[in-house]
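All values derive from a computational prediction rather than experimental measurement. Heavy atoms only: backbone and side chains are in, while hydrogens, waters and symmetry mates are out. Counting starts at 1 for both ligands and their atoms, in listed order.
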Amino acid sequence: MSYAYLQCIEESCRLRQDPKRDAYHCVACGGLLEVKYDFDPFDPEELRETWHRRRLSGEPIDRSGVWRFRELIPFVDPATRIISLSEGSTPLVGTRRAGYWAGPVHLTIKHQGNNPTGSFKDLGMTACITRASSRNVRMVACASTGNTSSSMAAYAARAGIKALLFVPYRQISAAKLAQALDFGAIVVEVGDTFDQAFRLLREIAPELGLYLVNSVNPFRIEGQKTIVAEMMEQRAWRPPDYIVVPGGNLGNASAVGKGLQELLELGFIEKIPRVVVVQAAGANPFYQMISSGLPDLIPVEDPNTQATAIRIGRPANWKKARRVLEWTGGLSESVTDEEIFEAKRVLAEDGVGCEPASAATIAGVRKLCRAGKIERHADVVAVLTGNQLKDTDYIMRHRSASEENRQRWCVEPNLDALRRALDQALGVPV
Ligand SMILES: *Cc1c(COP(=O)(O)O)cnc(C)c1O
Ligand SMILES: [Zn+2]
């Protein structure tokens with residue numbers, strides 16, 4: 001059987017630690033931990049066939065887009081109860097206008113909004129809550145910009161574990177808050193930013209014996225990394241040139257990179273795509289570090305963007321994410337809220353809806369293309385991280401009646417008024 005252990009990511013330390021410990025940081029140096037494996041030898045070809053076959057199986061564990069690839073995440077023993085809501089198995093769709101607008105590049109969308117709670121967080125959560133459940137944890141907690149909390153609340157409910165979440169006061173979208181409440185979580189609104197809520201949670205967690213499911217929890221990353229196995233399978237194991245993700249706490253970028261690195265080492269792919277991390281201009285400490293070649297990340301104290309899912313000034317996983325850019329020859333870019341809106345509008349013209357944070361990816365590709373850092377006609381996969389309905393307030397703010405954008409009409413209920421309105425709305429006499 002494959003064997004899993006935890007290891008410190010710091011080059012100068014790399015201490016292996018007890019996989020039975022529920023820790024997020026190295027006992028020796030405080031560095032981040034990652035899950036490592038001594039994999040059983042296997043034949044990639046055989047395993048690809050097994051994974052493919054499982055898609056037709058009726059077993060919940062085979063239908064999950066995470067657990068279908070369980071040989072890549074062998075940290076639970078076979079007797080463990082898997083907490084799954086049939087996450088993953090999300091579509092990979094082509095674009096027309098968006099790819100032309102952003103490049104032109106050959107742009108496909110991996111839409112993680114098609115997950116049970118509407119974001120990619122479900123991939124990590126099934127892994128992390130399965131781990132928590134196998135350790136008989138009674139209460140899980142996280143700080144969140146919204147989607148982690150919806151996801152945690154759902155999977156905790158499924159596992160019969162209490163869920164406690166900290167969110168910044170009035171800073172998360174109504175839909176995300178509603179989901180968490182619907183799944184029965186206890187919600188504490190505290191602080192003005194995610195970073196503040198997260199710091200307070202970390203300080204209070206030990207005395208309450210809370211099991212944290214933020215992306216500093218290395219098992220989250222394990223679930224999230226399966227996105228690349230699924231993506232490669234959908235592409236007949238031909239890696240694209242670039243995989244683009246938005247960057248908030250940088251768990252997703254870390255997971256994508258770890259997944260790719262392992263697929264390469266295990267012989268599933270022969271080249272590694274360059275990972276691109278796009279941040280919002282008002283919350284871009286990672287971009288700043290990369291673009292100015294700084295040795296350390298300087299936090300943004302007052303992060304600000306309407307893309308609330310990436311409104312994070314002090315990303316916990318920056319070291320893992322930087323390693324990913326080094327491994328893959330990756331890039332980072334920063335985009336304004338206006339550029340994000342524009343990208344979201346172009347995606348909508350292709351019939352693709354998503355959260356503002358997700359659209360940052362396409363805006364980033366366009367900028368990098370203009371700068372000649374991504375070649376024209378490159379093969380690019382953008383990960384759209386969240387569902388369109390996660391933030392309808394944003395859409396209403398940008399799309400309701402105004403001089404330039406008259407999409408929405410309130411009409412007196414009679415035919416004359418209706419004709420007049422439609423005449424104006426459609427720009428042709430009715
Ligand atoms: C969480 C989230 C992000 C940011 O992901 P990180 O792993 O924190 O970088 C981006 N978009 C959406 C929709 C999210 O929910
Ligand atoms: Zn260490």
Side-chain angles (χ1 to χ4, degrees), residues 6-17 23-34 110-115 117-125 142-152 167 172-173 175-176 179 194-195 198 213-217 220-221 223-225 227 244-258 275-280 283-287 303 305-321 324 332 340 344 353-362 364 382-391 394:
L6 293 171
Q7 189 171 45
C8 175
I9 67 158
E10 294 293 336
E11 281 306 331
S12 55
C13 176
R14 301 297 283 164
L15 185 71
R16 275 193 185 207
Q17 14 226 301
Y24 318 101
H25 294 96
C26 172
V27 282
C29 77
L32 288 172
L33 298 177
E34 64 181 338
K110 179 69 174 156
H111 210 321
Q112 297 300 94
N114 285 42
N115 268 295
T117 75
S119 83
F120 78 85
K121 302 295 198 300
D122 292 342
L123 269 59
M125 210 51 76
C142 72
S144 172
T145 56
N147 282 331
T148 300
S149 52
S150 319
S151 186
M152 176 185 79
V167 294
I172 79 169
S173 84
K176 296 175 188 180
Q179 281 184 292
F194 164 84
D195 306 287
F198 189 34
V213 306
N214 278 98
S215 57
V216 288
N217 185 315
R220 276 271 303 278
I221 305 289
Q224 284 173 202
K225 84 181 181 193
I227 184 183
V244 191
V245 295
N249 220 9
L250 300 169
N252 199 22
S254 305
V256 164
K258 185 172 192 279
V275 174
V276 180
V277 177
V278 183
Q279 293 202 299
N284 67 359
F286 185 73
Y287 164 77
T305 167
Q306 290 188 53
T308 51
I310 50 174
R311 186 168 175 261
I312 293 178
R314 201 177 274 274
N317 293 299
W318 67 268
K319 282 191 180 169
K320 285 187 179 177
V324 166
S332 184
I340 291 174
K344 188 165 152 48
C354 65
E355 276 200 58
S358 312
T361 53
I362 317 295
V383 177
L384 296 191
T385 43
N387 190 287
Q388 179 183 36
L389 297 179
K390 285 285 195 173
D391 195 349
Y394 175 94

Hey, does N249 come in under 3.5 Å of ligand 1, counting only N/O atoms on both sides?
yes
Identity and distance of the protein heavy atom lying nearest atom 7 (O) of ligand 1
N252 N, 2.8 Å
Please write down residue, atom name and distance for the protein heavy atom closest to atom 1 (C) of ligand 1.
K121 NZ, 1.4 Å
Would you check the N or O atoms of T145, main chain and side chain alike, for any that come under 3.5 Å of an N or O of ligand 1?
no
Does P246 have a non-hydrogen atom less than 4.0 Å from ligand 1?
yes
Just to be sure I read this right, does ligand 1 sit under 4.0 Å from the backbone of I310, its side chain, both, or neither, counting only heavy atoms?
side chain
R14: partners by side chain to side chain contact (heavy atoms under 4.5 Å, CB included), with sequence neighbours left out
Q7, I9, E34, K36, R323
Any donor and acceptor pair, going by atom type alone, linking the side chain of D391 with main-chain N or O of Y394 inside 3.5 Å?
yes
Quick one: which of G124, G248, A360, A307 has a heavy atom closest to atom 4 (C) of ligand 1?
G248
Would you mind listing which atoms of ligand 1 come within a distance below 4.0 Å of any non-hydrogen atom of E355?
13 (C)
For G386, does its backbone N or O pair with a side-chain atom of S358 as donor and acceptor, under 3.5 Å?
yes
If you count the atoms of ligand 1 from 1 in the order shown, which ones are under 4.0 Å from a heavy atom of A357?
11 (N)
Starting from atom 12 (C) of ligand 1, locate the nearest protein heavy atom and write down its residue, its atom name and how far away it is, to 0.1 Å.
T385 OG1, 3.2 Å
Here's a test for you: under side chain to side chain donor-acceptor pair (under 3.5 Å), which of K176, Q388, K390, K344 qualifies with E355?
K176
Side chains of V276 and S332, heavy atoms from C-beta outward: is any pair under 4.5 Å?
no
Side chain to side chain contact (heavy atoms under 4.5 Å, CB included) against A253, all qualifying residues, sequence neighbours excluded:
V245, V277, A321
Under 3.5 Å: N/O of N147 near N/O of ligand 1
yes
Are any of the N/O atoms on A253, whether in the backbone or the side chain, positioned under 3.5 angstrom from an N/O atom of ligand 1?
no
For ligand 1, is there an N or O atom under 3.5 Å from any N or O atom of I312?
no
Counting from 1, what ligand 1 atoms have a heavy atom of G251 closer than 4.0 Å?
6 (P), 7 (O), 9 (O)
Atom 5 (O) of ligand 1: the protein heavy-atom neighbour that sits closest, reported with distance to 0.1 Å:
F120 CZ, 3.4 Å
K225 vs L123 side-chain heavy atoms within contact, under 4.5 Å
no
Please report the C-alpha distance between I340 and Q306 in whole Å, then the side-chain angles of each, then the deciding distance to 0.1 Å, and finally whether the side-chain contact (heavy atoms from CB on, under 4.5 Å) criterion is met.
CA-CA 9 Å; I340 291 174; Q306 290 188 53; over 6 Å; no
Is there a donor-acceptor contact under 3.5 Å linking the side chains of S215 and N317?
yes
Nearest atoms (heavy-atom pairs only) where I362 meets A382:
CD1-CB, 3.7 Å
A309-ligand 1 polar pair, N/O distance under 3.5 Å:
no
Residue-atom pairs from the protein, N, O or S only, that lie under 2.8 Å from the Zn ion (ligand 2):
C8 SG, C13 SG, C26 SG, C29 SG
So, do V216 and F198 sit near enough that their side-chain heavy atoms are less than 4.5 Å apart?
yes
Side chains of R220 and T148, heavy atoms from C-beta outward: is any pair under 4.5 Å?
yes
Donor-acceptor pairs under 3.5 Å, side chain of residues 307-315 to any protein atom, not counting sequence neighbours: which ones?
unit_1: R311; atom_1: NE; unit_2: P303; atom_2: O; d: 3.1
unit_1: R311; atom_1: NH1; unit_2: Q171; atom_2: OE1; d: 3.1
unit_1: R311; atom_1: NH2; unit_2: P303; atom_2: O; d: 3.3
unit_1: R314; atom_1: NH2; unit_2: E301; atom_2: OE2; d: 3.1

